[in-house]
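This report refers to the structure that appears directly beneath it.
Predicted, not measured: the structure shown is a model, and the values here were computed from it.
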Amino acid sequence: MGWFDGLQFGTPRALLARSTGKATMETTAQTDPLILVLAEGDSAGAVRAARGSLFEQFAARLLELYGYEEPCRDRLNVSADGIELDVSVKHRLTGHRAIAECKAYSTPVSAHHVSAFYGKLCKERRRDKALHGFFVAIPRLSPQAAEFAGELEDDGLTVLNARQIWVALSERNQLPKIDPEGRFLTDHALVVTRYGLFVAAKENDLLARTAVRVVVRATDGSVPTPAIGLLSSSTYAQALPVVDEASAGTPELARTDEPLIAPVHGSKSNFEYKLPASPQFFVGRKSAVQSLESALSRAPGVIVLNAQSGWGKSSLALRLASSVAKMGGHALVVDSRTATSRKGYVSAALRRAADEAQKMGLLTLPSTASWASIPTGIATLESSTWLRSGPLLIFFDQFENVFRDVELTTEFRDLALFVAETRKPLVVGFAWKTDYIGWTEGHPYNLRDDIRNISETVNLGKLGPREVELLLRRLEKELEGKLSRELRRGLQEYSTGLPWLFKKLADHVLREIRKGATQEQLVSQSLNAQFLFEEDLAGLSPQELESLKFIARYAPISVSEVAERVPPEIILSLVHQRLVVQIGERFDTYWDTFRDFLNTGQVPIEDSYIIRYSPLSVSRLLKHIVQDGGVSITAEVAKREQTSENSIWNVVRELRVLGASAYEPYRVRLVPEIWDSLDREDALRRRVSSSLRRHRAFSTLRHLAERSANRVSVGAYAAALRVAFSAVEATHATWVTYARAFVQWFEYAGLAVLSNQTIELLSEGSAGKGALFVARPPVRIRGAFPYEHPGHCIRLLYRIVNEVIGFESLQGRERRACRELVALGAIVSMADGTLRLSRSDLVQNGMLSSARLLELLSAVPGGAEALDILRRNPAASPHEVAEPLRIANAATWTSETMRGVGVAFRAWARQAGLKTKLRAQLAPGPDSDTSNRLF
């Protein structure tokens with residue numbers, strides 16, 4: 001092939017000394033030369049094999065420069081990341097052996113590769129002390145790797161990078177030369193093909209300092225056409241024209257269209273939901289802001305902002321840009337949706353940011369500035385004079401769109417790796433949504449992780465209660481009045497802590513109230529995204545709606561493609577209404593969640609109201625509706641129940657959010673589908689079941705059950721609800737109350753069942769529990785077992801054995817005792833409201849069975865563990881006994897509560913026949929009873 005003719009031989013150290021002089025490549029930007037190994041093939045595998053073979057030949061010829069014979073391959077690996085080759089060689093003159101490891105990547109080789117090779121070299125030297133090691137790092141070592149290798153090079157290790165290889169070949173006249181006269185050349189490359197060895201460079205426009213074509217030259221004669229084709233289709237060329245300098249009639253410089261860099265713009269008001277929040281309207285996120293500002297102070301570096309769609313990534317990026325300005329720096333936040341191919345987009349972003357920074361007085365660019373490639377652009381910034389200490393931030397928003405293109409993603413990955421090694425205060429940021437599908441392996445998983453591994457990653461959560469409260473106060477300020485309690489609560493619950501959804505709900509409230517609607521009417525309406533998106537479409541003509549759905553189906557879609565299908569006046573109308581936004585040469589919907597709604601007809605956001613009242617409360621209201629013939633006046637119902645009308649409206653709300661009732665002022669009625677049904681109970685149960693299946697509370701329970709063998713404690717469920725409703729602030733006890741209310745409705749709908757403080761999901765088609773039209777629901781427990789001493793409970797148990805007793809007939813302490821027995825699993829409430837033993841052998845011949853009671857105590861959450869503690873240590877403290885009960889119920893108890901629970905459980909254990917040692921402070925009180933026979 002004519003490679004490396006007339007080679008000179010010598011010792012490795014001597015040759016290296018001659019090869020560290022000035023490079024003969026004519027270039028202005030001081031970047032590493034590239035070594036491109038290009039090959040054809042019928043398949044991706046064939047191309048990899050051909051590239052591997054070419055690189056192996058190149059490495060062999062390179063080692064011949066050092067006087068070594070034809071190497072013996074130990075390992076060859078060709079992947080998307082580069083080429084790795086391990087060989088063993090023998091010196092022609094001295095006969096000593098050497099091993100070589102060659103790494104050819106697109107970015108600098110990291111320190112762990114050098115460390116691993118040196119460890120291998122030391123191991124091999126146990127058998128051959130004269131063994132020499134070559135580590136070929138293309139393009140070069142990272143700064144950390146170079147520092148590590150510098151300490152070892154006098155210890156029989158030679159490190160070669162692309163520049164040293166270029167110099168060594170140039171000094172022996174093995175490389176053709178491209179005449180730089182009157183031209184601005186950058187990004188020199190050594191091109192290895194089966195057609196020969198060539199040199200290429202990018203020729204820059206003298207004004208724009210961007211690459212306009214690739215020039216290539218052979219040592220003798222012209223470059224073969226197949227080699228020109230290989231170079232043209234490579235990522236190095238980036239679709240630039242490739243010309244052979246030796247050919248006659250070289251074309252004039254061709255101007256290429258620069259990629260469009262579209263800055264992200266913020267909103268002009270608090271509740272402009274179609275744009276991210278500008279810094280002056282940004283709310284909260286103190287922890288995330290502090291983490292990002294800390295990363296800025298440690299510049300250079302890379303930051304990654306992770307969050308799900310609609311959680312405020314773009315707003316935080318703009319807020320970060322304002323922090324950069326306060327630090328004396330400059331920031332450019334761009335919408336990555338205009339990055340559609342690997343045609344200089346990243347370099348164009350670097351150039352725009354640098355030009356803006358120069359105009360702002362942050363830095364002065366060198367006279368040799370070039371933006372022909374990422375390495376050249378980074379070298380330009382390295383050579384710039386920084387006039388202030390502030391950082392330069394380039395932030396790429398909407399980055400998940402980039403993952404569609406492997407080569408483009410690779411280019412951004414390379415940018416991150418180069419930035420991490422620069423010595424200037426340069427920071428690159430990325431924001432992508434974590435609900436992107438298909439990231440398990442391969443692309444873009446590995447490239448994404450390459451970026452994250454060198455980044456300061458900040459995971460953004462939802463808005464918290466205080467942040468939502470601040471937004472509510474801002475809304476009241478714009479309304480010039482107070483929000484009603486119900487409307488405030490609705491905004492908190494339905495927004496679910498999502499910034500864009502809160503802004504959309506708030507915008508709806510502002511518009512409707514300014515039109516004359518009352519807050520009561522707004523409360524009665526559906527405050528959910530599905531309703532509001534449907535409202536967005538309500539005023540569109542059929543042609544506008546069809547065009548909008550077409551854009552959503554293929555978004556982001558090119559302007560030219562839309563223009564072929566959609567009339568200009570329709571496009572202008574959709575853009576004017578901000579349902580469609582233009583990002584450079586592409587159209588997209590104003591929000592990706594809105595795009596999903598247009599494509600599927602559904603919003604991937606679950607219902608998120610909080611149910612506060614149990615089925616028992618609703619059952620009382622239903623009796624009045626039936627009594628009144630289908631329509632009840634709320635004031636009259638309040639008078640009959642001897643309560644306030646507001647309390648009745650709170651119960652009516654539960655019927656309304658469950659879809660069983662529509663809003664009417666001053667009265668309540670069921671929807672016709674329920675009231676006119678032949679089986680109202682069945683119709684109500686089906687409506688409730690349908691509503692709860694699409695509710696966040698049910699999906700939260702389902703996810704918990706999947707991870708815990710379908711058994712979830714009430715305490716654990718309450719803690720999960722607190723996270724699911726992040727915008728609502730309440731105590732742990734209140735969340736437990738909410739959890740029980742939800743579970744009671746799940747039981748009624750046949751979705752779950754509660755037993756001994758443990759929730760279990762039911763299989764599809766299970767029957768619901770209770771009947772709201774004809775009877776009261778079962779007795780509900782109010783806390784974990786136990787809270788009561790056994791005396792009153794056991795007396796009530798014997799009454800139930802001998803009498804027909806209903807819960808409604810009980811008063812005061814007997815009611816508490818009844819709930820305690822239900823929590824223990826000793827009794828159950830029947831459909832007719834009467835109480836029965838859960839098992840007939842619990843009381844035999846008028847005696848409470850200690851063995852059966854012990855089984856029940858062992859079955860309550862934490863009971864078995866508490867009994868074990870008492871068996872091992874009959875004198876265990878109340879807190880020791882209560883601790884497993886607290887953990888099993890995921891409860892937050894005060895010290896006094898712990899003591900009370902521990903004392904009560906000890907008393908129950910004694911009733912079950914367990915011997916305990918009483919301390920002075922545990923002496924039986926007046927209600928204690930150690931006798932099992934009460935008559």
Side-chain angles (χ1 to χ4, degrees), residues 16 19-23 27 29-35 81-82 84 101-119 121 133-155 157-167 186-188 295-304 346 350 354 363 366 368 370 373-386 389 391-394 410-429 447 449-457:
L16 181 61
S19 302
T20 54
K22 217 169 183 180
T27 181
Q30 294 302 308
T31 58
D32 299 306
L34 300 175
I35 297 180
D81 293 328
E84 299 174 337
E101 192 165 302
C102 307
K103 307 284 186 184
Y105 300 147
S106 60
T107 55
V109 180
S110 59
H112 78 272
H113 290 298
V114 184
S115 175
F117 175 69
Y118 185 68
L121 179 63
F134 284 92
F135 190 87
V136 181
I138 299 174
R140 59 179 170 84
L141 294 176
S142 68
Q144 296 85 355
E147 181 179 356
F148 176 75
E151 300 173 355
L152 304 174
E153 284 203 274
D154 291 332
D155 191 20
L157 173 66
T158 299
V159 177
L160 292 174
N161 58 34
R163 182 174 296 278
Q164 290 168 329
I165 294 172
W166 183 287
V167 170
T186 61
D187 299 274
H188 283 68
L296 287 174
S297 68
R298 297 191 299 271
V302 183
I303 56 178
V304 168
V346 177
L350 287 172
L363 53 80
T368 58
S370 171
S373 67
I374 294 176
T376 305
I378 296 296
T380 295
L381 290 171
E382 283 275 9
S383 303
S384 299
T385 301
W386 238 258
S389 60
L392 174 60
L393 169 68
I394 309 172
T410 302
E411 184 156 308
F412 277 100
R413 188 275 310 271
D414 293 350
L415 170 67
L417 293 174
F418 278 116
V419 167
E421 296 181 357
T422 187
R423 297 182 300 273
K424 298 295 185 178
L426 175 64
V427 179
V428 171
L447 298 172
D449 282 356
D450 286 345
I451 296 175
R452 292 182 65 174
N453 288 341
I454 60 168
S455 302
E456 175 79 21
T457 300

* Between atom CD1 of I303 and atom CD of E456, what is the distance when rounded to the nearest 0.5 Å? -> 8.5 Å

* Asked: Quick check: does any side chain N or O of T380 sit under 3.5 Å from a backbone N or O of T376, one acting as donor and the other as acceptor?
  -> yes

* **Closest heavy-atom pair and its distance - P139, P33** => CB-O, 4.4 Å

* Which atom pair, heavy atoms only, marks the closest approach of A145 to S110? -> CB-C, 3.7 Å

* Any side-chain heavy atom of V114 sitting closer than 4.5 Å to one from L141? -> yes

* Structure fact -> When rounded to the nearest 0.5 Å, the distance separating CD of E411 from CD1 of I374 is 4.0 Å

* **Test item: I451 and V304 side chains (from C-beta on) under 4.5 Å apart, heavy atoms** => yes

Side chains of residues 416-429: which donor-acceptor partners sit under 3.5 Å, not counting sequence neighbours?
residue: E421; atom: OE1; partner: R140; partner atom: NH1; Å: 3.4
residue: E421; atom: OE1; partner: R140; partner atom: NH2; Å: 3.4
residue: T422; atom: OG1; partner: E382; partner atom: OE2; Å: 2.5
residue: T422; atom: OG1; partner: K424; partner atom: N; Å: 3.4
residue: K424; atom: NZ; partner: S384; partner atom: O; Å: 3.4

* Minimum heavy-atom distance between Q164 and L160, given as atom pair plus value -> OE1-CA, 3.2 Å

* Structure fact -> Distance col, row I165:CD1 vs I35:CD1, nearest 0.5 angstrom, shows 4.0 Å

* Asked: Partners of Y118 by ring pair (Phe, Tyr, Trp, His ring centres under 6.0 Å), sequence neighbours excluded?
  -> none

* Test item: Y105 and H113 side chains (from C-beta on) under 4.5 Å apart, heavy atoms -> yes

* Asked: Just wondering, do F135 and T158 contact through their side chains at under 4.5 Å, heavy atoms?
  -> no

* **Side-chain heavy atoms of F412 within contact of L447, under 4.5 Å** => no

* Asked: Side chains of V136 and E101: closer than 4.5 Å at any heavy-atom pair?
  -> no

* How far does CG of L363 sit from OG of S383, to the nearest 0.5 angstrom? -> 11.5 Å

* Asked: Say you draw a straight line from CG of L392 to CG of L296; how long is it, rounded to the nearest 0.5 Å?
  -> 11.0 Å

* Taking the side chain as every heavy atom from C-beta outward, state whether L381 and L350 have any pair of such atoms under 4.5 Å apart. => yes

* **Student check: side-chain heavy atoms of D187 and S373 closer than 4.5 Å** => yes

* Could you go through the side-chain contact (heavy atoms from CB on, under 4.5 Å) check for F134 and L157 one step at a time? => CA-CA 6 Å; F134 284 92; L157 173 66; over 6 Å; no

